[in-house]
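The structure under discussion appears below in the form of structure tokens.
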There are 2 protein chains.
Amino acid sequence: MGNIAKDINSTFPNERVKALINIKYTANWLDTIGNELLKPFKISVQQYNILRILRGAEEAITVSSIRKRMIQKSPNATRLMDKLCDKELIERTRCENDRRIVYVKISEQGLKLLAKINIEEFNNHMNNITEDEAETLNKILDKIR
Amino acid sequence: MGNIAKDINSTFPNERVKALINIKYTANWLDTIGNELLKPFKISVQQYNILRILRGAEEAITVSSIRKRMIQKSPNATRLMDKLCDKELIERTRCENDRRIVYVKISEQGLKLLAKINIEEFNNHMNNITEDEAETLNKILDKIR
DNA sequence: TGGTAGTAATTACCTAGGTAAATATAAATA
DNA sequence: TATTTATATTTACCTAGGTAATTACTACCA
């Protein structure tokens, strides 16, 4: 995207219309920054998030529970995990008791990759705002929906 | 995406991490709502935005100026206009003086389509927050970047 | 027990948006 | 004037994310 800092103020008739564009612009910006940090590791922000969820789980968990924690719809969760499977960073096994369910587990290779990534650095790009400001932001975003 | 109202509070260690997810979630939500409203007209939110910019311009303007007003990078602007061209809602003409430049103009069909869409209804989904709240939101988002 | 309804995951087809590189042209400069 | 640099747009290849439909199964219920 372009440079909103330069362009956004002169362009919008009111704060709400600006907000509409600003939310989307910021979401893309955060994504771009995150993906740049993860580029050396050849995974995306969302793929990184899934790996962290799986490491935290400490055991195989269902596709559905990952989807819920990521607040994503099923097709997207499946697609992201397809990519992690191709890279052999996770393993899928079908549940024997209920054959609709697929369990997912982080692989040794996945754990090794995570160990290389500095979480502090990854989260740095939200340090421009305080915890209070983040709370205000969350309240307003929640109110929009 | 899932239901963030139900899930988001229980899942995140602090407000900043929640904000990171919340911004993206809200951006997608706004997009989904907007696209649903525009579904009967067979255009997307971004395509609608381009048509409105072109109607406002009242004359043919360059791809580059549209791109700047949308705060988008060039490849995306080109792609969106490809789609509008296919639908015959806009017309492209190459500048005779500087043959690198392409001028874009809304077509009669494009104007007719815009006339059918109720702007009030389209902007309604931001009416949950006040102008003051939108201003606060914009300030915090600007600070993040 | 057989039929129906609900659920978990996936697939197909669509959207926006990113980077890197290619193309074509204009402008500047040695 | 010829070469180099800058600009405007497009193309190719990648990402996430949406809906609708499909597949494979479980569960329920008459």
Side-chain angles (χ1 to χ4, degrees), chain A residues 1-2 4 21 23-39 41-50 61-68 70-87 92-104, chain B residues 1-2 4 21 23-39 41-50 61-68 70-87 92-104:
Chain A
M1 301 184 99
I4 205 178
I21 307 292
I23 291 166
K24 222 179 154 181
Y25 179 81
T26 307
N28 284 335
W29 183 89
L30 287 167
D31 228 54
T32 300
I33 297 292
N35 283 325
E36 207 160 302
L37 283 169
L38 292 172
K39 209 175 178 180
F41 309 103
K42 291 181 182 172
I43 54 169
S44 70
V45 170
Q46 286 297 60
Q47 289 166 30
Y48 176 58
N49 286 337
I50 291 178
I61 56 175
T62 66
V63 167
S64 170
S65 67
I66 297 169
R67 171 183 74 68
K68 279 176 193 153
M70 300 181 66
I71 320 163
Q72 290 292 329
K73 302 214 161 151
S74 298
N76 201 36
T78 294
R79 282 185 297 249
L80 291 166
M81 285 183 257
D82 285 346
K83 288 169 191 167
L84 289 168
C85 252
D86 289 347
K87 294 174 190 162
R92 287 198 264 217
T93 44
R94 198 161 279 274
C95 173
E96 285 305 319
N97 299 329
D98 184 340
R99 297 196 54 77
R100 291 170 301 181
I101 293 173
V102 171
Y103 280 106
V104 184
Chain B
M1 303 184 94
I4 206 179
I21 307 292
I23 291 166
K24 222 177 152 182
Y25 179 81
T26 306
N28 284 335
W29 184 88
L30 287 168
D31 228 52
T32 301
I33 297 292
N35 283 325
E36 206 161 303
L37 283 169
L38 292 171
K39 210 174 178 181
F41 308 104
K42 292 181 182 171
I43 54 169
S44 70
V45 170
Q46 286 297 61
Q47 289 166 30
Y48 176 58
N49 286 338
I50 291 178
I61 56 176
T62 66
V63 167
S64 170
S65 68
I66 297 169
R67 171 184 75 68
K68 278 176 194 154
M70 299 181 68
I71 319 160
Q72 291 293 328
K73 301 213 161 149
S74 298
N76 200 35
T78 294
R79 281 186 297 249
L80 291 167
M81 284 185 260
D82 285 346
K83 288 169 191 168
L84 290 168
C85 252
D86 289 348
K87 294 173 191 162
R92 288 197 263 217
T93 45
R94 198 160 281 273
C95 172
E96 284 306 317
N97 299 329
D98 184 342
R99 298 197 53 77
R100 293 170 300 182
I101 293 172
V102 171
Y103 280 107
V104 184

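Only heavy atoms go into these numbers, but all of them, side chains included; no hydrogens, no water, no symmetry mates. Order of the sequence lines sets the chain letters (A, B, ...), proteins ahead of strands, with each chain counted from 1.
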Where the side chain of A:Ile101 is concerned, which of D:dC25, D:dG18, C:dA8 is the nearest nucleotide?
-> C:dA8
What is the nucleic acid contact for A:Asn49, judged by heavy atoms within less than 4.0 Å: base, sugar-phosphate only, or nothing?
-> nothing
Which nucleotide in D:dT9, D:dT19, C:dG18 has an atom nearest any side-chain atom of B:Lys73 | C:dG18
A:Leu38 atom CG is separated from C:dG18 atom P, nearest whole Å, by 17 Å
Interatomic distance where CG belongs to B:Leu30 and C1' belongs to D:dG18 [whole Å] = 14 Å
Atom CG of B:Asp98 and atom C1' of C:dA24: how far apart are they, to the nearest Å?
-> 10 Å
Quick one: is C:dA9 close enough that its OP1 or OP2 comes under 4.0 Å of any side-chain N or O from A:Arg100?
-> no
Nucleotide D:dA27, atom C1' - distance to CZ of A:Arg99 in whole Å | 17 Å
What's the CZ-C1' distance between A:Arg67 and D:dG17, to the nearest Å?
-> 14 Å
Would you please confirm or rule out a distance under 4.0 Å between OP1 or OP2 of C:dG17 and any side-chain N or O of A:Thr32?
-> no
Between A:Lys39 and A:Ser65, who's closer to the 5' end of DNA chain C by nearest nucleotide?
-> A:Ser65
Audit row: B:Arg99, B:Glu96, side-chain contact (heavy atoms from CB on, under 4.5 Å) steps and yes/no = CA-CA 6 Å; B:Arg99 298 197 53 77; B:Glu96 284 306 317; 3.4 Å; yes
Salt-bridge contact B:Lys87-B:Asp82 (side-chain N to carboxylate O under 4.0 Å) = no
Determine, stepwise, if the pair A:Thr93 / A:Val102 fulfils side-chain contact (heavy atoms from CB on, under 4.5 Å).
-> CA-CA 6 Å; A:Thr93 44; A:Val102 171; over 6 Å; no
Chi angles and distances behind the side-chain contact (heavy atoms from CB on, under 4.5 Å) call for B:Thr62, B:Val104 | CA-CA 6 Å; B:Thr62 66; B:Val104 184; over 6 Å; no
Kindly say whether B:Ile61 contributes a backbone atom to a donor-acceptor pair with the side chain of B:Ser65 at under 3.5 angstrom?
-> no
Please check if the side chain of B:Asp31 supplies one atom and the backbone of B:Val45 the other of a donor-acceptor pair under 3.5 Å.
-> no
With B for base contact, S for sugar-phosphate-only contact and - for none (protein heavy atoms under 4.0 Å), nucleotides 10-16 of chain D reads BBBB-SS
Roughly how far, to the nearest 0.5 Å, is NZ of A:Lys24 from NZ of B:Lys24?
-> 13.0 Å
Starting at atom NZ of B:Lys68, determine the distance to atom P of D:dT7, rounded to an integer number of angstrom.
-> 11 Å
Figure out the CD1/C1' separation between A:Ile61 and C:dA8, and round it to whole Å.
-> 15 Å
